[in-house]
Every structure is written in C-alpha cells, then in structure tokens.
Amino acid sequence: MTLAEKILARASGRARVEPHEIVVADVDLAMSHENADLVRKAFLEIGVPRVWDPEKIVIIFDHRIPAESEKTAATHKAVREFVAQQGIRHFYDVGRGGICHQVLAENGHVQPGMVVVGTDSHTTTHGAFGAFATGIGATEMAGVWVEGKLWFKVPSTIRIEVEGAFAPWVSAKDLILYIIGKLGAAGADYRAVEFDGSAIRRMTIASRMVLSNLSMEMGAKVAFTPVMEIAPDAGARYEKTLHINLDYDIPEPQIACPHSVDNVRPVSALSDVPVHQAVLGSCTNGRLEDLEAAASILAGRRVHPHTRLIIVPASQRIFLEAMRLGYIEKLIEAGAIVDPPGCGPCVGVHQGILAAGEVCISSTNRNFIGRMGSKDSFVYLASPAVVAASAVAGRIVHPEIVMAKENSHV
Amino acid sequence: MSDASPLLRGRVAAVLGSNVDTDVIYPGRYLNITDREKTAEHLFELAHPEIRSKLRPGDFIVAAANFGCGSSREQAAAALKFSGCGAVIAASFARIFFRNAINLGLPALVSSSAHIECREGDELEIDLAAGVIRNLSRNLSLAAAPLDPRAIELIRSGGLIPYLKARYASSAALG
Ligand code: SF4
C-alpha cells in the first residue's frame, strides 16, 4: 500500500484499502485558525454540549493578528470564551504562536501516521511529518468536533522522485513551482503525492514543508515527504511516477506569474518586471532558512527606493531566533519593515495591501486575482532568495545578478 | 424525506472557464463575515460582479475544470448557496469546495460537457441521482456523474448541520 492507503487503513480499522473506496477514519488531530468561530457556530447549531476530545483540537490565531477590526476582535473573543468553556488547552492566542501550520509543527502536535484535518487548505504541509493531513471546511469540522470521524475517498497516489543537486540560488520553492507548472493547477486533484529520491532526502525539514505545502496548489489531498517511522510498501501501486533531475530540469529559479500558480516560467524568461512590493513570509516560506537566505542577500545592500520589502516571520519562535542570529538586524538595516508573525499580507486583509497597478514579488503561495489587494494588482510567486534580490534590484531578477554587484542598487 | 430522485430546474446564470478559484468566488477580505447568509453580498465581487445581479433563485452556475480551487474557505460555497444558486455544474471540482458545497446542501454536479453545451439563459433540468442534465432550451441531454447517495442524503437534509442535528436529537431521545 502507498502511505495514504496505509494510514487510512489503520485509521478506519481495515487490513487494506484501495483507491476510490470510501472509508470512515478516526481523526487524530483537528486544527482551526480564526475560522474556529464558524466551526463553533455550526457546532452550537448541531446542539451537542461537548466536543468529542478537547485534547485533539488545536486552535491558533494567525490570519488577522493582532485584530485588525472590531469585527475580528469580537470573533477572537468568542473563540477564546469557547476554548475556555470546552477545556481546549492547545490554544495559541496573539503573541503565543504564529502561522497555524508552523505552530502545529513547532510544538510537536503532528506525528507520523496521524490523520490530521485542518480548516485551512495548506494543512497538506504536515505530510512533511508523515501525516495524512488535509484541509476541510468549517461545517465539516463541526462534524469532526462532534464525532471525531470523517469520511474520505482513498486517493490514488502520484510519486515524484527527485535526484541531483540544486543549482546556486535554486531551492525547494523552485522545485515545487516547476512541478506545478508541469502538472497544472488541477494536476493532482483528489490525489496523494509521495515525494522521494536522493535530493528530497538531503533536504531540511523546512524545505520539505515547502513541497507539502504548495502541493495543495495542484489540488493534492495530501503530500508526503519521507520519514523514518512509516514508509510505503515495496509493491505499492502508483497512478504515475514523475522523475526530476535538478541538474538538468531546474537550472535556475522559477517564477509563478499572474494570475495562477501554474503559470510558471524560469526567471530568465521574464523581461524587466518592476516591483513595488516584495513580501517574504507565509506558511510556505517564512521560516528561519528563508530569512537567512534573504539576510545573506540584503547584508550590506539596500532595498530599492521604489520598492518596499515586508518581512513576516512565520512564528514568534522563528522571529526570536532570527533576531538572535542577527538576520532581522540586517533586514531592517537594508530598509525592510517587519510585520508581526502571522499570515500578514498573504491573506490580503492587512499589513501590506496592493493598490491598482502595483506589482508584488512574494514568497507566498497564491497569486489569484485580488489575493493581496486590488483586483488590478499583480502577484509573482518566487523563492525567498529571488524576493530579496528583486527587492534590491527593484525588478524581478536572478539573485546572482544582485550578488555580482558590490553594493546598493542594480 | 422522499425517495424520489431529486430533480432541479432553473436557468444558467453564467458559464465560466477553468480554475475559478475561491478568491474569485469570495474575496479574502470578507472572510471575517461569519453569518452565512451575509456572504451572498460579496459573491464574485472582484472578478465577475455582474453574476450576482443576474442570479435568480434556483439558477445554475456552469464551469469548466477545477471549480473552487484554492482556499478551504466555506464562504465560497455559502455565498453561492445564499445567493440562491440552485447547483454548480462543472467539468471537475477542487475537493474541498466540493465537500463544502455538499455539506452546506448546495448540489455540485460533475459534467464534462455542460460548459460546452450550455449558454447563459438556457433552461436546464437536472437529475442528481441519475446524473442527467437536460438542456430544455437546446433539446439536449448531457451526461453527468450521478451524485453519491451519501451526498444526496445530505442535500435532502439541507446540509450536514441539520443532518447531524436530527441524528443527535433522535439519539438523545432514545438515550
Ligand atoms: S500564510 Fe497565507 S496561505 Fe498560509 S495559512 Fe496564512 S493565509 Fe493561508
């Protein structure tokens, strides 16, 4: 069996399961962010007095922190009261956590082999820890809070094997953008994805999380990278297998152009795209290694006068660590502004909204129309290194161009 | 609850392309609206604001592949339902949107040809259980995937909340 099949078989008490079968699985962990308020309302409507297991529910505020409006403040307040009343201990309030997927991982809530559901589409991130982790809606989550179970159609699996070594300034983000460009925005709809191969096994956990996180943007239900504790069987059946060699296939950084994540081109194919805003953050690329890459480029350089650079550490812990390591100092000296850890401008409600006609280069994961502000703005998705280099150049560039020059503007 | 196959009748309010994402259906800036009915005010607000004014109760939205891709926001399905949309018919759906729609009692039907064979204003009659779409304006019968009986049961109940509510009310009465 594949990893997805193995985990669903275990969770539904079956010896084995086949793709397209429907199983009812026990949920090991149920995560929500601010939309816990929608879940709460649906839960109260159902009329059951207590949640099935308060220890298995985690709630993390991240999308609108600190509250940007009175409406959000009221939502936060209602969830705080509910959490106290139901005895939900795993609650990360403003200033105690950061982006839900980072906080869930950092605090060891996810273990290999678990069934994890979250009211956020990028819950696929936790496939990097060997969990069958997927996004669901708020009403469905209310059902989980009542019953602790959920039906799943067993997905077929696409296997992606990656060999070779990253070229300079090429990273996990470029690899997954390349794959999404090849497979398309619906290329893994309803499927599980298993990443493996020597290049994946050499990657840091943070980089593996990038792959599992962005697999959602090609429709994946779950996306695994290898772990020690659980592995697919030798005879596992795959719908298809993709082979990628980093040496030949991805010689340079990849960019997802407006307005879809699968509109991917190598950076050399873009000609002179001026950038008004650069954003480094999100559950995709707001981790320590991302801030380190940006700091290494911005050290001793300045953000272009026509560009603003917004940094959003993915969690309080990452923020603190980046401060101790001196990354934040370098970024601020270069002219960046630092938003509080959380979703920041990625969700398009605060902390860096775009005006009509503006162009943003961003390390986030979506470039849909209006995602970060005006419907007439343009979002290009790229790696942290490209975001930082483009902030210096004031246009989208390969980091090697910026690094070749000693100082200031390119 | 009747066992008759659920038949829906209405007009096509819009025919859309592929990858209609949830930011297009319901912009992120309105995610702090948690009253389901109120979400209808912002349906397609940034990209296709005209659809909302054209949509009459029971009307259908027809689209090509991967409708509802992107965020897990349930407001996308809620905004359609509370704008009076009778069903969404698409060549395929993103999985979270599909589950959200059914859980809210909004029929979502897969048909590979509807976006090719239907035009705005066409009268349709759709049979969810049999998986048949009749385009009455063009005298065509189009194949669709029959909706899973579990999904039909949820739609008949008005969605997951009324379904679970009834179930737990009767188990409390028994217990
Ligand atoms: S950082 Fe962006 S993509 Fe990630 S959970 Fe927050 S809003 Fe969603």
Side-chain angles (χ1 to χ4, degrees), chain A residues 22 34-35 37-38 40-43 45-48 63-64 68-69 71-72 74-75 78 118-123 134-140 142-143 146-147 151 153 155 184-186 189-190 216-217 219 221 259-262 346-350 353 366 368-375, chain B residues 18-25 27-36 39 45-49 64-67 69-78 91-105 148 150-151 154 159-169 171-172:
Chain A
I22 289 184
E34 273 97 333
N35 61 13
D37 191 44
L38 279 173
R40 178 189 71 88
K41 284 186 175 165
F43 176 81
E45 268 184 72
I46 295 167
V48 173
H63 275 55
R64 294 160 182 263
E68 92 302 350
S69 64
K71 178 97 181 61
T72 297
T75 301
T119 44
D120 188 275
S121 57
H122 292 100
T123 303
T134 195
I136 61 173
T139 296
E140 194 145 51
V146 171
E147 304 194 299
W151 66 268
K153 193 189 239 184
D189 258 1
Y190 295 96
M216 200 285 135
E217 301 308 322
K221 184 177 212 161
H259 291 287
S260 70
V261 187
D262 59 0
C346 176
V347 66
V349 296
H350 61 172
I353 299 297
R366 287 196 174 129
F368 303 150
I369 293 171
R371 170 74 183 187
M372 287 172 84
S374 165
K375 68 175 169 51
Chain B
S18 297
N19 302 324
V20 174
D21 63 70
T22 50
D23 277 85
V24 162
I25 304 170
R29 66 189 67 169
Y30 304 119
L31 285 178
N32 64 355
I33 294 177
T34 53
D35 292 335
R36 282 185 220 108
T39 58
E45 185 172 296
L46 297 184
H48 310 287
N66 206 25
F67 186 87
C69 61
S71 141
S72 65
R73 64 187 65 162
E74 190 167 283
Q75 287 95 333
S92 65
F93 289 93
R95 52 167 291 275
I96 304 179
F97 178 88
F98 182 81
R99 293 182 78 119
N100 285 343
I102 303 296
N103 284 327
L104 287 176
D148 185 84
R150 237 173 303 250
L154 283 176
L160 183 67
I161 294 172
Y163 173 84
L164 285 177
K165 197 170 168 177
R167 182 143 124 210
Y168 282 89
S171 72

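Bear in mind that the values here come from a model prediction, so they are computed numbers and not experimental data.
- Ranking B/Arg73, B/Arg150, B/Gln75, B/Arg99 against chain A, the residue ahead of the rest is B/Arg99, based on heavy-atom pairs under 4.5 Å.
- Comparing B/Ala47, B/Gly70, B/Gly28, B/Ala65 by heavy-atom pairs within less than 4.5 Å of chain A, the highest count is held by B/Gly70.
- Looking only at heavy-atom pairs under 4.5 Å with chain B, the residue among A/Val347, A/Ile136, A/Ile369 that has the most is A/Ile136.
- Contact check for A/Glu140 versus B/Ile96: no side-chain heavy atoms found under the 4.5 Å cut-off.
- Ranked by heavy-atom pairs under 4.5 Å with chain B, the first of A/Lys375, A/Glu34, A/Glu45 is A/Glu45.
- Between the B/Tyr168 side chain and the A/Val146 main chain, no donor and acceptor come within less than 3.5 Å of each other.
- Per-residue heavy-atom pair counts under 4.5 Å with chain A were compared for B/Asn32, B/Leu164, B/Leu160, B/Asn103, and the maximum is reached by B/Asn32.
- Chosen from A/Ala74, A/Gly47, A/Ala185, A/Gly219, the residue pairing most often with chain B at heavy-atom distances under 4.5 Å is A/Ala185.
- The contact between A/Ala42 and chain B is made by backbone and side chain atoms together, counting heavy-atom distances below 4.5 Å.
- With a threshold of 4.5 angstrom between heavy atoms, B/Leu46 approaches chain A through its backbone and through its side chain.
- Here the side chains of A/Lys41 and B/Asp35 are in contact, with some heavy-atom distance below 4.5 Å.
- Ion pair A/Glu68/B/Arg29 not flagged as a salt bridge, since none of the NZ, NE, NH1 or NH2 atoms sits closer than 4.0 Å to an Asp/Glu carboxylate oxygen.
- Only the side chain of A/Ile22 comes within less than 4.5 Å of a heavy atom of chain B; its backbone N, CA, C and O stay farther away.
- Counting only distance, with no hydrogens or angles, the side chain of B/Asn100 and the backbone of A/Gly137 share a donor-acceptor pair below 3.5 Å.
- Taking each heavy atom of A/Asp189 and B/Phe93 in turn, the nearest pair found is OD2-O, 3.8 Å.
- In this structure, the separation between CD1 on B/Ile161 and CZ on A/Phe43 is 11.5 Å, given to the nearest 0.5 Å.
- When the candidates A/Ser69, A/Ala138, A/Gly118, A/Gly348 are compared by the number of heavy-atom contacts under 4.5 Å with chain B, A/Ala138 comes out ahead.
- At least one donor-acceptor pair under 3.5 Å links the side chain of B/Glu74 to the backbone N or O of A/Thr139.
- Ranked by non-hydrogen atom pairs under 4.5 Å with chain B, the options A/Lys221, A/Met216, A/Glu217 are led by A/Lys221.
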Next on the checklist: B/Arg95 vs A/Thr134, test: side chain to side chain contact (heavy atoms under 4.5 Å, CB included). Steps then yes/no.
Outcome noted: CA-CA 10 Å; B/Arg95 52 167 291 275; A/Thr134 195; 2.8 Å; yes

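- Put simply, the side chain of B/Ser71 reaches to within 4.5 Å of the side chain of A/Arg366, judged on heavy atoms.
- With a 4.5 angstrom heavy-atom cutoff, B/Leu104 touches chain A only via side-chain atoms.
- Heavy atoms of B/Phe98 lying under 4.5 Å from chain A belong exclusively to its side chain.
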Next on the checklist: Determine whether A/Val349 and B/Leu31 satisfy the following criterion, side chain to side chain contact (heavy atoms under 4.5 Å, CB included), listing intermediate values before the conclusion.
Outcome noted: CA-CA 9 Å; A/Val349 296; B/Leu31 285 178; 5.9 Å; no

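- Contact annotation: the side chain of A/His259 never approaches that of B/Asp21 to less than 4.5 Å [non-hydrogen atoms, C-beta and beyond].
- Interatomic distance, CZ of B/Arg167 versus CD1 of A/Ile46, reported as 10.0 Å (0.5 Å rounding).
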